[in-house]
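In this text the structure is predicted, and so the values were computed from the model without any measurement. Values below: all heavy atoms of this structure, side chains included; hydrogens, waters and symmetry mates excluded.
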Amino acid sequence: MASKTLPIVLASDSDRWECRNCGVCCRGSEIPLSDLDLKKIQSQRWGEHPDFRGIKTVVAVSPFSNRKRLAHREDGSCVFLDERGLCRIHSQFGEDQKPLICQVFPLQLIPRAKHGKLAIRRSCPTSAADLGKPGNEYLHRVQNWIRDNALKVPDISAPAIKPGESRGWDTVDFVFNAVERILSDLRFPLVRRVVHVAQFTENLARANTRRWTDSKFKELVSTLEELVPDESKPFFESRTPPNGLAKLMLRQMAIEFARLHPNYRYEGKWYRRLHHSQMSWRFARGVGNTPSLEPVFRSIPFSEIEKPLGLVAPEVDGVLDRFFVASSASGIYAIADRRGWSLVESLRALVILYPISQWLLRWTTHGRSPDLDDMVRLVVALDRAQGFGPLSSWRHRTRVNLLSSLQQSERLVVWYAQ
């Protein structure tokens with residue numbers, strides 16, 4: 001895929017963003033450094049700065065790696081983040097002297113069949129809330145990076161549609177576009193659209209299409225897209241609760257997503273790691289009270305999270321709605337650090353984001369009505385998860401596939417939508 005000649009288009013015309021110096025992207029994020037990034041940091045001579053004496057600004061990515069990343073402070077924030085929420089490199093040397101990842105965020109180039117899509121990741125609170133400048137104002141910046149060979153559209157193969165069934169980008173894109181249409185169909189509320197995607201995914205997975213031509217396969221995709229509204233009705237008519245195993249797996253996933261909440265401060269010290277091990281056990285049992293993850297997740301009875309949430313203000317629900325639509329428009333759910341995953345498996349993981357969001361929303365807002373900021377912060381966590389190692393792992397892949405094989409994914413979506 002030739003990055004210099006590949007057309008770049010916006011993933012969504014509605015994406016907006018501008019930096020408001022909140023510092024969220026500078027906390028809990030690992031910033032790997034290219035050789036050029038490393039040379040820039042070294043030339044800035046931070047070791048001679050009085051605030052950095054005895055403080056490492058760059059560390060190894062892992063104990064057995066020669067690659068480097070920016071160091072963190074004890075609270076998990078970047079070593080260069082100051083008390084005002086500003087980057088010291090940016091303040092002292094200018095934006096172009098920061099690592100490229102920091103300059104680009106939250107913009108991301110995503111490969112598709114005949115173009116690269118420019119997405120604005122919703123890991124930033126302003127983009128999660130659809131605030132700031134429209135995405136087309138950033139196109140020229142991205143095109144300049146590509147022209148200067150600083151940024152490239154990733155050259156990756158199309159994901160397999162199902163395990164063991166690969167097709168070309170053109171056919172894979174046809175499935176991407178069908179999912180985008182399903183999640184953008186505003187005739188239905190978001191919960192219905194998510195169940196439609198789940199039904200579409202499972203029908204596609206069950207079809208024995210391995211020997212089919214691409215033309216015949218596309219005909220099936222179009223047919224399944226038309227059928228899903230009717231096929232989803234029984235889930236809403238019966239509202240059968242998910243079984244105990246499904247709830248257990250949802251709780252286990254929720255604790256991993258909770259760590260990505262922008263207000264949570266994760267420290268890598270041994271006693272914090274021990275605390276997380278103990279939390280995992282309590283979440284597996286699901287009895288008594290949840291652990292406290294201050295300042296955002298208070299200790300409340302697990303039973304309270306199982307109670308219906310009730311009506312949520314439309315502007316609050318709208319933040320989550322737009323996140324799902326934007327994710328489907330870009331295809332980020334299947335591309336971000338999901339090598340080895342099939343498209344069907346990535347769609348299953350996308351579906352599970354809905355009940356996880358509702359479970360965490362109950363936990364963070366227990367005793368009051370959710371507000372806009374609550375949902376914006378949750379969307380930041382959901383978007384961070386798309387590319388977060390533990391949630392792109394074999395373990396998470398096994399969980400979403402098991403929920404599907406047990407026919408529990410749709411039940412989780414419908415049950416926690418109440």
Side-chain angles (χ1 to χ4, degrees), residues 17-34 36-62 65 67-108 120-129 131-133 138 141 150 257-269 272-273 276 293-297 373 376-389:
W17 169 73
E18 67 183 6
C19 181
R20 299 191 175 179
N21 299 319
C22 66
V24 165
C25 61
C26 303
R27 299 186 179 95
S29 302
E30 290 197 357
I31 307 299
L33 301 173
S34 68
L36 179 59
D37 293 331
L38 190 57
K39 287 179 181 177
K40 287 181 180 180
I41 299 295
Q42 291 169 340
S43 70
Q44 293 160 10
R45 305 172 72 90
W46 289 100
E48 300 174 9
H49 194 290
D51 292 346
F52 286 86
R53 287 176 184 158
I55 296 176
K56 290 183 177 181
T57 57
V58 173
V59 297
V61 170
S62 69
S65 174
R67 297 179 61 220
K68 304 295 184 181
R69 65 170 176 84
L70 292 184
H72 288 154
R73 299 192 184 276
E74 286 191 357
D75 64 357
S77 64
C78 176
V79 70
F80 290 113
L81 184 67
D82 70 16
E83 64 279 356
R84 300 168 297 167
L86 302 177
C87 172
R88 286 177 179 266
I89 299 176
H90 192 148
S91 300
Q92 190 158 337
F93 296 100
E95 182 181 16
D96 63 348
Q97 294 304 301
K98 296 191 297 185
L100 183 63
I101 288 178
C102 300
Q103 296 180 54
V104 172
F105 180 85
L107 308 175
Q108 182 166 353
I120 300 181
R121 297 295 299 271
R122 298 190 173 228
S123 308
C124 175
T126 55
S127 56
L131 301 175
K133 301 174 184 177
Y138 299 99
R141 183 188 300 185
F257 279 83
R259 291 173 54 188
L260 302 175
H261 193 285
N263 286 17
Y264 175 57
R265 298 289 178 264
Y266 177 72
E267 299 172 30
K269 298 178 179 178
R272 294 289 285 177
R273 292 195 294 269
H276 271 273
L293 296 178
E294 296 295 348
V296 63
F297 296 102
D373 285 342
V376 164
R377 295 184 186 109
L378 275 183
V379 163
V380 168
L382 296 180
D383 190 77
R384 281 179 166 181
Q386 300 187 103
F388 180 55

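- Residues R384 and S29 approach most closely at NH2-OG, 4.5 Å, considering heavy atoms.
- Closest approach of L70 and C78 over heavy atoms only: CD1-SG, 3.8 Å.
- Between R88 and H49 the shortest side-chain heavy-atom distance falls below 4.5 Å.
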**Prompt:** Should R20 and T126 be marked as a side-chain contact (heavy atoms from CB on, under 4.5 Å) after you check the CA-CA gap, both sets of side-chain angles, and the distance that decides it?
**Reply:** CA-CA 8 Å; R20 299 191 175 179; T126 55; 3.6 Å; yes

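- Residues F80 and C26 form no side-chain contact, since every pair of their non-hydrogen atoms from C-beta on lies 4.5 Å or further apart.
- Across all their heavy atoms, V24 and P125 have their closest contact at CG2-CG, 3.8 Å.
- Electrostatic pairing of R121 and D383 counts as a salt bridge here, judged by a charged N lying under 4.0 Å from a carboxylate O.
- The line from NZ of K40 to CG of L33 is 11.0 Å long, rounded to the nearest 0.5 Å.
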**Request:** Carefully, step by step, assess H261 and L378 under the rule side-chain contact (heavy atoms from CB on, under 4.5 Å).
**Result:** CA-CA 6 Å; H261 193 285; L378 275 183; 4.2 Å; yes

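- No donor-acceptor distance shorter than 3.5 angstrom exists from the side chain of Y138 to the backbone of I120, with no hydrogens or angles considered.
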Side-chain donor-acceptor pairs under 3.5 Å in residues 90-102, sequence neighbours left out?
{"unit_1": "H90", "atom_1": "ND1", "unit_2": "K98", "atom_2": "NZ", "d": "3.3"}
{"unit_1": "S91", "atom_1": "OG", "unit_2": "C87", "atom_2": "O", "d": "3.0"}

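- Two residues are said to be in side-chain contact when any heavy atoms from C-beta on lie closer than 4.5 Å; F388 and F257 fail this criterion.
- Ionic pairing of R84 and D82 is present here: one or more N-O contacts between side-chain nitrogen and carboxylate oxygen are shorter than 4.0 angstrom.
- Counting only heavy atoms from C-beta outward, the side chains of L260 and V380 never approach each other to under 4.5 Å.
- Here the closest heavy-atom approach between residue P262 and residue R377 is recorded as CD-O, 3.4 Å.
- Side chain of S127 to main chain of C124: a donor-acceptor pair is present (N/O by atom type, distance under 3.5 Å, no hydrogens or angles).
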Can you list, pair by pair, the side-chain donor-acceptor contacts under 3.5 Å of residues 52-59, counting residues two or more places apart and other chains?
none

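- Using a 4.5 Å heavy-atom threshold, the side chains of K133 and W17 count as separate.
- A pairwise comparison of heavy atoms in S123 and F105 identifies CB-CZ, 3.8 Å as the closest pair.
- Not a single donor-acceptor pair under 3.5 Å links the side chain of R67 to the backbone N or O of V61.
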**Step-by-step side-chain contact (heavy atoms from CB on, under 4.5 Å) determination, D51 to W46** = CA-CA 9 Å; D51 292 346; W46 289 100; over 6 Å; no

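- I89 contributes atom CD1, which lies 5.0 Å from atom CD of Q44 (distance to the nearest 0.5 angstrom).
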